[in-house]
Chemist: 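Below is one structure. I have some questions about it.
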Amino acid sequence: MTGQQLKIAVVGAGGKMGMRVSNNLQRSTHDVRYVENSTTGQRRTVDVGRTLTDAGTAVRDVDVVILAIPDIALGAVSEQLVPQLQPGTIVLTLDPAAAYANLLYDRSDIEYAVAHPCHPSVFLQRKTEAELNDTLGGIAAPQDVVAALGSGDAEKQALAETAIRLMYAPVVDVHWVTVKQLAYLEPTLVEVVVCMIGDLLNDALQETIHTVGVPEPAARAMLMGHVQVALANGLRGDNPFSDACLIAMDYGRAKIIKEDWKSIFNDDELDYVLKQMLHLDHIHR
Ligand SMILES: NC(=O)c1ccc[n+]([C@@H]2O[C@H](COP(=O)([O-])OP(=O)(O)OC[C@H]3O[C@@H](n4cnc5c(N)ncnc54)[C@H](O)[C@@H]3O)[C@@H](O)[C@H]2O)c1
């Protein structure tokens with residue numbers, strides 16, 4: 001990490017991520033400028049005591065530009081802003097999709113970085129009320145971050161890590177990977193698989209309540225406890241599943257999971273899901 005005072009612009013400061021990262025950056029001693037183009041986003045920014053700056057002024061001499069805008073807008077917005085940046089400026093996006101699909105306006109003298117929060121671990125030992133309530137991270141519960149830097153330049157990586165640790169604080173580790181590896185983490189690992197399974201768990205709960213007729217408190221209590229045990233056993237090996245449970249798990253796998261499900265870890269499938277997410281005809285790798 002570097003000790004220098006940074007100039008940081010947050011573009012999309014009034015959005016969901018823009019508000020979260022700005023709340024943390026505002027508490028730092030760095031020079032932070034807030035850019036937002038929608039009236040509701042502008043109101044959200046001003047209502048919490050932050051001053052808005054127009055994009056051209058905000059990005060002119062900054063060290064880091066955080067693009068906290070929707071992924072589908074990153075191509076057009078980077079085309080407008082990146083030509084105005086000083087050489088060596090770090091353009092930091094918050095999701096790998098646009099960087100992986102080469103949607104960002106390209107300049108060889110600009111550093112492109114991506115940093116995605118991991119969110120606090122399900123196994124985090126939460127000690128305070130604030131940590132308990134901070135499910136997404138960035139407020140009180142410590143989390144890791146996974147990041148990628150196009151050039152791999154060590155000095156720029158240290159500078160980017162300073163901004164990343166501030167905006168997602170409290171941060172334990174920043175894991176540096178490639179943009180492609182980050183794209184396999186999100187969307188493939190955590191959205192295609194983990195978030196989908198979270199949603200499926202709720203579908204199964206609703207079926208148990210509404211189709212079978214189990215009282216909701218009983219079904220919910222059984223599900224929540226078993227989610228905890230399934231994750232502790234499945235991901236951490238805390239205890240073995242019982243023999244009968246293993247038979248039921250095999251039945252569930254055969255009934256619910258398609259045989260070729262691991263094809264989601266192929267590049268063509270990654271491109272397919274990213275095309276849907278970014279509303280694109282092609283992915284230019
Ligand atoms: N929402 C999440 O939980 C989450 C988590 C991790 C990463 N991300 C990533 O963060 C980024 C932002 O997502 P979000 O969910 O915060 O989006 P959002 O839609 O909540 O906010 C985007 C903000 O950007 C503003 N904006 C759009 N174009 C602009 C422009 N040209 N100039 C200034 N402001 C502009 C919008 O008015 C809006 O306030 C995306 O890359 C997303 O993938 C989101």
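Indexing begins at 1, ligand by ligand and atom by atom, following the structure's order.
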Chemist: Just need the protein heavy atom nearest to atom 42 (C) of ligand 1, so name the residue and atom and give the distance.
Modeler: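 Looking at atom 42 (C) of ligand 1, the protein heavy atom closest to it is D71 OD2, 3.7 Å.
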Chemist: Could a heavy atom of G14 be found less than 4.0 Å from some atom of ligand 1?
Modeler: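 It does, in that a heavy atom of G14 comes within the 4.0 Å cut-off of ligand 1.
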Chemist: Just let me know how A73 lines up against ligand 1, side chain, backbone, both or neither, with a heavy-atom cut-off below 4.0 Å.
Modeler: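 Looking at A73 and ligand 1, no heavy atom falls under 4.0 Å.
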Chemist: Look at R60 together with D54 and state whether they make a salt bridge at an N to O cut-off of under 4.0 Å.
Modeler: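 Not counted as a salt bridge, because no side-chain N and carboxylate O are separated by less than 4.0 Å.
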Chemist: With heavy atoms of A68 as the reference, note each atom of ligand 1 found under 4.0 Å away.
Modeler: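 What qualifies from ligand 1 is 12 (C), 22 (C), 23 (C), 24 (O).
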Chemist: Say whether E186 and H116, considering side chains only, have a donor N or O and an acceptor N or O under 3.5 Å apart.
Modeler: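 Side chains of E186 and H116: pair found under 3.5 Å.
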Chemist: What about L94 and V174, same hydrophobic cluster or not, with Ile/Leu/Val/Met/Phe/Trp/Tyr joined at side-chain heavy-atom distances under 4.5 Å?
Modeler: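 Yes.
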Chemist: Considering M19, M17, H116, which one's heavy-atom position lies nearest to atom 4 (C) of ligand 1?
Modeler: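 Result: the heavy atom closest to atom 4 (C) of ligand 1 is in M17.
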Chemist: Between E131 and K127, does the salt bridge (Lys or Arg N to Asp or Glu O under 4.0 Å) criterion hold? Intermediate values first, please.
Modeler: CA-CA 7 Å; E131 285 180 20; K127 297 182 191 81; 5.4 Å; no
Chemist: If the cut-off is 4.0 Å to any non-hydrogen atom of S38, which atoms of ligand 1 fall inside it?
Modeler: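 Those of ligand 1 that fall under 4.0 Å from S38 are 37 (O).
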Chemist: Just go through L81, I69, T45 and tell me whose heavy atom is the nearest to atom 12 (C) of ligand 1.
Modeler: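 Selected option, by shortest heavy-atom distance: I69.
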Chemist: Quick test of your reading of the structure: of A98, P70, P117, whose heavy atom lies closest to atom 19 (O) of ligand 1?
Modeler: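 Closest candidate by heavy-atom distance is P70.
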Chemist: Where do E111 and T89 land on the side-chain contact (heavy atoms from CB on, under 4.5 Å) test, with the steps shown first?
Modeler: CA-CA 6 Å; E111 297 284 340; T89 305; over 6 Å; no
Chemist: Could you tell me if Q206 and T208 have a donor-acceptor pair between their side chains, going purely by distance under 3.5 Å?
Modeler: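 No, no side-chain donor-acceptor pair sits under 3.5 Å.
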Chemist: Can you tell me the protein heavy atom closest to atom 21 (O) of ligand 1 and the distance?
Modeler: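 Answer, as residue, atom name and distance: G15 CA, 3.2 Å.
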Chemist: If we ignore angles and hydrogens, is there a donor and acceptor under 3.5 Å between the side chains of N233 and R236?
Modeler: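 N233 vs R236: no donor-acceptor pair found between side chains.
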Chemist: I need the nearest protein heavy-atom contact for atom 37 (O) of ligand 1: residue, atom name and distance, please.
Modeler: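 Residue, atom and distance for the closest contact: E36 OE2, 2.5 Å.
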Chemist: Nearest heavy-atom pair of L166 and S28: which atoms, and what distance?
Modeler: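 Here L166 and S28 meet closest at CD2-CB, 3.8 Å.
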Chemist: Within the 4.0 Å heavy-atom shell around V11, which atoms of ligand 1 are there?
Modeler: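 Near V11, the atoms of ligand 1 are 32 (N), 33 (C).
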Chemist: Report the nearest protein non-hydrogen atom to atom 15 (O) of ligand 1: residue, atom name, distance rounded to 0.1 Å.
Modeler: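 I find the closest protein heavy atom is K16 CE, 3.4 Å.
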Chemist: Say whether Q80, considering both its backbone and side-chain N or O atoms, lies within less than 3.5 Å of an N or O atom on ligand 1.
Modeler: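 No, no N or O pair falls under 3.5 Å.
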Chemist: For N23 and R50, does a side-chain donor sit closer than 3.5 Å to a side-chain acceptor?
Modeler: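 R50 and N23 do have a side-chain donor-acceptor pair below 3.5 Å.
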Chemist: Using only heavy-atom distances, determine whether the side chains of S22 and Q26 contain a donor-acceptor pair under 3.5 Å.
Modeler: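 No, because no side-chain N or O of S22 sits under 3.5 Å from a partner of the opposite role on Q26.
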Chemist: Looking at non-hydrogen atoms alone, which of T39, N37, T93, L94 comes nearest to atom 33 (C) of ligand 1?
Modeler: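 Looking at heavy atoms only, the winner is N37.
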Chemist: Could you tell me which atoms of ligand 1, counted from 1 in the order shown, lie closer than 4.0 angstrom to a heavy atom of R20?
Modeler: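 Matching atoms, with element in brackets: 3 (O).
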Chemist: Go through ligand 1 atom by atom and flag the ones less than 4.0 Å from a non-hydrogen atom of G12.
Modeler: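 With G12 as reference, the close atoms of ligand 1 come out as 23 (C), 24 (O), 25 (C), 33 (C), 34 (N).
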Chemist: Just to verify, what does D109 make a salt bridge (Lys or Arg N to Asp or Glu O under 4.0 Å) with, not counting sequence neighbours?
Modeler: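 Checked D109 against salt bridge (Lys or Arg N to Asp or Glu O under 4.0 Å); matches are R107.
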Chemist: Hey, is the main chain of Y105 close enough, under 3.5 Å, to the side chain of E79 for a donor-acceptor pair?
Modeler: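 No; judged by distance alone, with no hydrogens or angles, the pair does not exist.
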Chemist: Can you sort out which atoms of ligand 1 are near V77, meaning under 4.0 Å from one of its heavy atoms?
Modeler: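 Answer, ordered by atom number: 31 (N).
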Chemist: Which part of E186 is near ligand 1, with near meaning a heavy atom under 4.0 Å away: side chain, backbone, both or neither?
Modeler: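 Contact part for E186 vs ligand 1: neither.
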Chemist: Can you list the ligand 1 atoms lying under 4.0 Å from a non-hydrogen atom of D95?
Modeler: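 In order of numbering, the contacting atoms are 41 (O), 43 (O).
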